[in-house]
Amino acid sequence: SKNTTASGNDATSALTADQVKIALVPGGPHPYFQPWKAAGQQAKQEFGLGDVTFNETSGWDQTKQNDVLKSLAAQGYNAFGIFGVSPDNINSTFQDLTRQGFQVASIASCPAGTTDDASFCLATDVEAAAYKAAKAAIAAMGGQGNLVHLTGNKVDSNTQRRMDGVQKAVDETNGKVKLVQTITDIDIDLQTAQRSVADLLAARGTDIQGIVNTAYNPAVASAAAVKQSGLPIKVVAIDDDPTILAGIKDGSVAATVAQNPVGQATVGSYALMKLAEGCTMTTPGVTIDSGSFVVSSDNVDSYDQERQAETTKLRQDFDDKYLSCS
Amino acid sequence: MGEATLTSAPAAPPQEDSTTPSGLPWWANPRVGLLVVIVALVILFSALRPSFLNVDLTLVPMQADLSVFAIVGLAQLAVLSLGHMNLAVPRMAAVSAFAAGLTYDRLHAPLVVGLAVALVVGALIGALAGTIITTTGVNSFVVTLALDFGLLGLVSLLYAWATDGVAFAVHPAGMDALRFDTMNNYCAGPVCGPPVPLVVPIALVTVVAVGVLFRRSRVGREMLMTGSSLRAARLSGIPVTRRIIQAHALSGLLCGLAGFLLAINNGAFSATIGDQFLLPSFLAPVLGGTLLAGGAVSVLGTVLGATLTSVIQKGLNLLQFQLDQLQILIGVVLLLALSLDRVRHVLAERRGVRR
Amino acid sequence: MTSTTETAAVATQPRRSRLLGTEVILIAISVIAFVVLTVTTGGNLLQPGTIRAILQYLAVPLVIGLSQMVVLAVGQMNLSVGVLTGLSSVVAAGLMVDSGLSPWIAVPAALLVGAGVGLANGVLVVLTRINGFIVTLATMTIIAGLRYGVNGTGTYEGYSPGLVKLGRASVLGLPVVFLIALVVAIAVALYFRNTFSGRRLLASGGNPVAARLSGISNDRSLVVAHTISGLLAGIAGVLVLMLSGSVNASIGDDLLLPSFAAPIIGGVVLAGGVVSVLGTCLAAFVVRLVDVAQAQYNINPRWVDLVVGGVVLGAVLLSHGREGKDDS
Amino acid sequence: MRLRAQGLVKMFPGVRALDGVNLDLRPGTVHALLGENGAGKSTLIKVLTGVHRPDAGVVEVSEDDATWAPVTFGKPQDATAAGIGVVHQERNLVPRFSVAENIALQSMPRRHGVVDKSAMRALASRCLQQLDLHLDLNRPVAELSVAQMQLVEVAKALATDSRVLLLDEPTSTLTSQEADRLYAVVRRLRDDGACVVLVTHKLDEVFAIADTVTVLRDGRSVAEGRALSELSRSDVIDLMVGRSFADLQPDPTPPKDRSGIAALELAHVSTSVGHEDVSLTVHPGEIVGLYGLVGAGRSELARALLGLDDITSGSVLIRGQEARIRSVADALHRYGMGYVSENRKEEGVFLEQPVTRNVAVTVWRRLSAWGMVRDRSESVLLDTYVDRLGIRISGHKQLAGQLSGGNQQKISLAKWLAADCSILVIDEPTVGIDVRTKASFHTLIAELAAKGLAILLITSDLPEMVTLADRILVMHDRQLAGEVDNVAHDYAASSRQVVRYMHAEHVA
Ligand SMILES: Nc1ncnc2c1ncn2[C@@H]1O[C@H](COP(=O)(O)OP(=O)(O)OP(=O)(O)O)[C@@H](O)[C@H]1O
Ligand SMILES: Nc1ncnc2c1ncn2[C@@H]1O[C@H](COP(=O)(O)OP(=O)(O)OP(=O)(O)O)[C@@H](O)[C@H]1O
Ligand SMILES: [Mg+2]
Ligand SMILES: [Mg+2]
């Protein structure tokens, strides 16, 4: 019987801001998502939301994430910003939630394929980010040489996109840069990443000039290993974790591609609130790039301003373009 | 110690299964203990969070998950009966789900055909594992571990070959009904069914079938005897090689079913199906009283074990703990549940058995 | 896994020779694989840097394999070895980074955490009489929670430069971490071969009834085995700390299956009563060579697992193939 | 040291294994402890050595027969410390440990926690020497023969230097020569002032060596420390059985018709384990005995016949047809042939399974309809054999491992008697079985043969062989050394011939 579900899931009736309870649900524990906590609280204050919670207990398991989402719904949360563990089935999860009248946004990762059953996807364009990262690496290498790509779970469509992005940048060099190796599945844990990087450097440390990372643990591992080995390899990392920023400052990391987690959480919450208040998407399921920023020693102190500007612009775009409010 | 109680120790009441040695009172049966713990936890969680009893958001999804994990547990139980292990449960499920997805994608086959394909593929891989084990004599742990690695690679190669990503975008007719509908959606006049998802009856039939197999059938019993003592089984005229292969094939078949049901529940046939199956596959049967040493299984216990883990997971989710607190609590509650069971058993033994 | 009744059933089959056979075949496999790798990579494998990388990252799998082997010896399993390694390393790193303590305190603390948790595992197994597999499955979850609780998803870095420098140092071309692992392996071998305590563990694992009737407390054997296993996990945690210079809550997640693979490929049986330190070390080495091959040959990532599965199965079939059907 | 027990009670669920047992063990005696299977002998031994805790009763020791000190044995170490050594009925060795280490396990010499290997080997070789046994001390016991393991067990008990030594059926797997060596040691210990308690079903041994006897029946001591000189063999049997019992022999069977087709025929069989050119026939209704020294290769021949080892040349004919048997399953289901293994604990019973399943395992195919087995029919089947073989069980769900040794042996027989085979190969069927059951078993075998079963009987118990077999084939070093016609069942005549063949090299 459908009438026993939690409050606020009646799709037709608009809510007021203080009735909107937002849950930000990452795929599992990861440094990337940590800024969401503060950003969510910030959004709660700023927009006068009923509640914003952050729940990372999914543990990179789609079944568990579905379970967590439903538990949150049962607790009265009625709008969800979700990083889908498995981009390939996450649309089904979105359907489940929207069927029950909840507001759903995919944040930080879009579903695989061309359709998105959430209201919108606010995420880094991973292909573009990987492309930028590879570009930065190629630039640091002086436009030629051998490049290696280190990344995460190979049976994840986002990984495929990252590989495409890197390939594209390499292709544009017309053979001056060769992508000699792509190592996947080493984002599971730090030791695995460290071991693989050590093996890589041992095997062909002397004939590679650049390493581009599109996952966190390999980035940390390769920055440290290259620094320690003293090889003239340019490392391009991902994200702006303190560890990596420190690397940029001390020169062991040539550049990193920062994403915009804060913007994703704030703007995502904002849009979810608007939708709950009765707005609709002009194009449901639209994909919106939350921006990616190449950070090098030149702009390491200033990139955040650029990013904040991007966030402000994103919010403006929602008001102007993506949302239609009566 | 009261002598009267002992001399008049009842000739063991009708027992459910072969796992309880004779002479223990009915309440020492591990299944009863599990049931009590489950009921107590349900009461506790409902009192703390009334939404625990929310039909659409808690009870229905829980039943759907439970169905999958009970079958995952049975898949492990099938080889635990021999005293073997199947570490390839995750990938047997993944390959079977791939086969089903491929069938839908290329042949546009109806739902049941894909299911049948998944079951057959699972059973064949299981039989392969069993055959390797019996012909080489290498420990099942090692064989299935290596097989899991091999299949992991195979799955990713297969998806790369057959799809442009890592999942099939297929939607055979009936899939949504199986996924979303409960019996409540089907009414005969004014009377509608209970809010039970449609995957539950499938799981139920499987549970009963496996239960009958091990309790009543000759083949199942011979598997248990093989698990109890391989040499004695061989010398009692049991075709042990065949039984070992059959048990592994059964395990594979159940993996196939679990993979299929999970794909239905998740709404996609993808390469990550089964990834999280390994530990639950052991947890459910062992919680339910199945021995790792072989020779005794408890099908009902496995279902209760799966239920217990689902209830704990769900209840703690509703209480919204931080990740670290959640994990610590899950572990502690599991330990407590197990210890309670043990305390009961010891009490029962005090009254009767002393080894 | 064989039931206890089958453990006793080995009476008529000479087993010692099989175990030796496993070790001999593993040595052969290691040597052949190493030579083939060296030749096909044009000698790259013999570069000091390559040797160092191979041995450095062999240290942790080796110690963790031994950690599992110790509990296998008494017929138990320890699913918490991986996360415990992670916990010990983040605790030590936390003590150095957050509390500013010296490594002279942090390192013993890591060992203490390992041994303490191991002791708790053992005591729980004995008190509750629940299968060690399940007890450690539960404690694994708890330890994973604690490991995360220390520093969330953050990464510790920049602790004790001295320790990290030591971890990257080499003596006579052999990395210090590898030498430490080697010393640990020798200590474990001597423990099982020569000490009364070690022999008691093996007696309890080999035939618990006989052990009990001979005045050996199986309960104590269980507790001792789990404690040693925990201590070894603690040592592995320290090695991780020394090796990498950065640790976080993900440390240990990939150690569980290798911890079983090394001893079991090395000839240790799940039923208990057998240890083979040499076999475990060799098996860890063979598994390590698979990694190395993957890096050297630049195998298509999609094929890696298939190849690894094939190699592991092949190695096992070769080394166990003659063991006869009775062990299945 | 004098040890006495009074009013010992020990209960297991559904059974009172001991129900007020008194025992008085004086120094310098050999004390026989007798009783039928399941009477409680092993349980008494286990209570006296701290394996089981008694539910009631006291155990006391005295140095001077005047002051008695109660002792409680909470664990096996306590008994060892009190000077009690024991050889349990079931073998208790650590298979992968060396001979020396197994012998020294209870009293491992060590310095600072490190095992003193030379002291350990010295201790072990001293104990083995007493038994006149020469073994490689470094060999794992798993590689030893059953008899050697048994002697290692005895050596292990000797290593504790005990003043009371409890031996639970020490000779059931020994040949008479080895038993004699053991009894020499027992006599020496007695003369040194120790007390040796001997549990056995071989009454001849009892009368040869024991001074006093305690008889248990249904957990009660019906004779307490009586001098054996006052008792006759039939007195002892009557005490054990509880009523007058004639040591009945089955009726001598008439000569069998051997003109028809043989049920089982081996023609010039050689095996992978070294048998050469073995030929024999067993006709329906015939009991053919296979006798020989331990290690002569009789069991191995049986195992090869059943496909457990390879037959390298020659042929096996069943009812005239060439048979290819690859497993016991084959033998049972395709050829109607059954095999009772000599290795009860590992091959005969499923210790962790209920008795019903243990007995029904060979007949499930018959008891099932549509692949499903009916529990009821299993129980009926079990009850039949419980009656016929006098098996003591406390319920149908009792696990086989909880039965007394002799009753386990009966279970492993029962499943093959139930299997309805037309050919039975029976290997050492009555090891550890009491006199009464032995007699009923003999009757049963004779009846089965009378019904037309062909039986190949392997037993090291010569009287049993002479009682049952129609012909006795003697095996020596994996070849047949001769055939004795035993239609007369005359012990003196047959045994003389058998022994002659056993030691002769070859008979043309
Ligand atoms: N661990 C146990 N659990 C339950 N019942 C037991 C156990 N051990 C022995 N019994 C029962 O106690 C009784 C006495 O057994 P016990 O082994 O002492 O007999 P026994 O005199 O040694 O016989 P046998 O000559 O066959 O060895 C039997 O009925 C047996 O089934
Ligand atoms: N005294 C011994 N020393 C070493 N090995 C022996 C000894 N006796 C037997 N064996 C081994 O044990 C096995 C005995 O063979 P088998 O059991 O067929 O003989 P058997 O005639 O049936 O004697 P048993 O009475 O022991 O059953 C053979 O493998 C033999 O090598
Ligand atoms: Mg006995
Ligand atoms: Mg024999």
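Throughout, a chain's letter reflects where its sequence line sits, starting with A, and its residues are numbered from 1. All values below were derived from every heavy atom in this structure, side-chain atoms included, with hydrogens, water molecules and symmetry-related copies excluded.
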Is the side chain of Asn194(C) donor-acceptor paired with the backbone N or O of Val114(D) at a distance under 3.5 Å, no angle test?
-> no
Comparing Val86(D), Leu93(D), Asp78(D), Asp116(D) against chain C, the one with the most heavy-atom pairs below 4.5 Å turns out to be Leu93(D)
Whatever's closer than 4.5 Å to a heavy atom in chain C on Glu101(D) counts as side chain
Bottom line for Arg200(C): the part with an atom under 4.5 Å from chain D's heavy atoms is neither
Heavy-atom proximity to chain D below 4.5 Å, by part of Leu202(C) = both
At their closest point, which heavy atom of Gly206(C) faces which heavy atom of Val94(D), and how far apart are they?
-> CA-CG1, 4.2 Å
Could you state the interatomic distance from CZ (Arg199(C)) to CE (Met108(D)), rounded to the nearest 0.5 Å?
-> 7.0 Å
Derivation of the side chain to side chain contact (heavy atoms under 4.5 Å, CB included) call for Val209(C) and Asn92(D) | CA-CA 7 Å; Val209(C) 179; Asn92(D) 285 303; 3.6 Å; yes
Determine which residues belonging to residues 214-221 of chain C lie within contact range of chain D, meaning some heavy atom pair is under 4.5 Å apart, and list them by number or answer 'none'.
-> Ser214(C), Gly215(C), Ile216(C)
Give, as side chain, backbone, both or neither, the part of Lys46(D) having an atom under 4.5 angstrom from any heavy atom of chain C.
-> neither
Identify the heavy atoms of Lys117(D) and Arg193(C) that sit nearest to each other, and give their distance.
-> NZ-O, 3.2 Å
To the nearest 0.5 Å, atom OG1 of Thr195(C) lies from atom CZ of Arg110(D) at 10.5 Å
Is it the side chain or the backbone of His112(D) that comes within 4.5 Å of chain C heavy atoms, both, or neither?
-> neither
Which atoms form the tightest heavy-atom contact between Arg96(D) and Val269(C), and what is the distance?
-> NH2-CG2, 4.1 Å
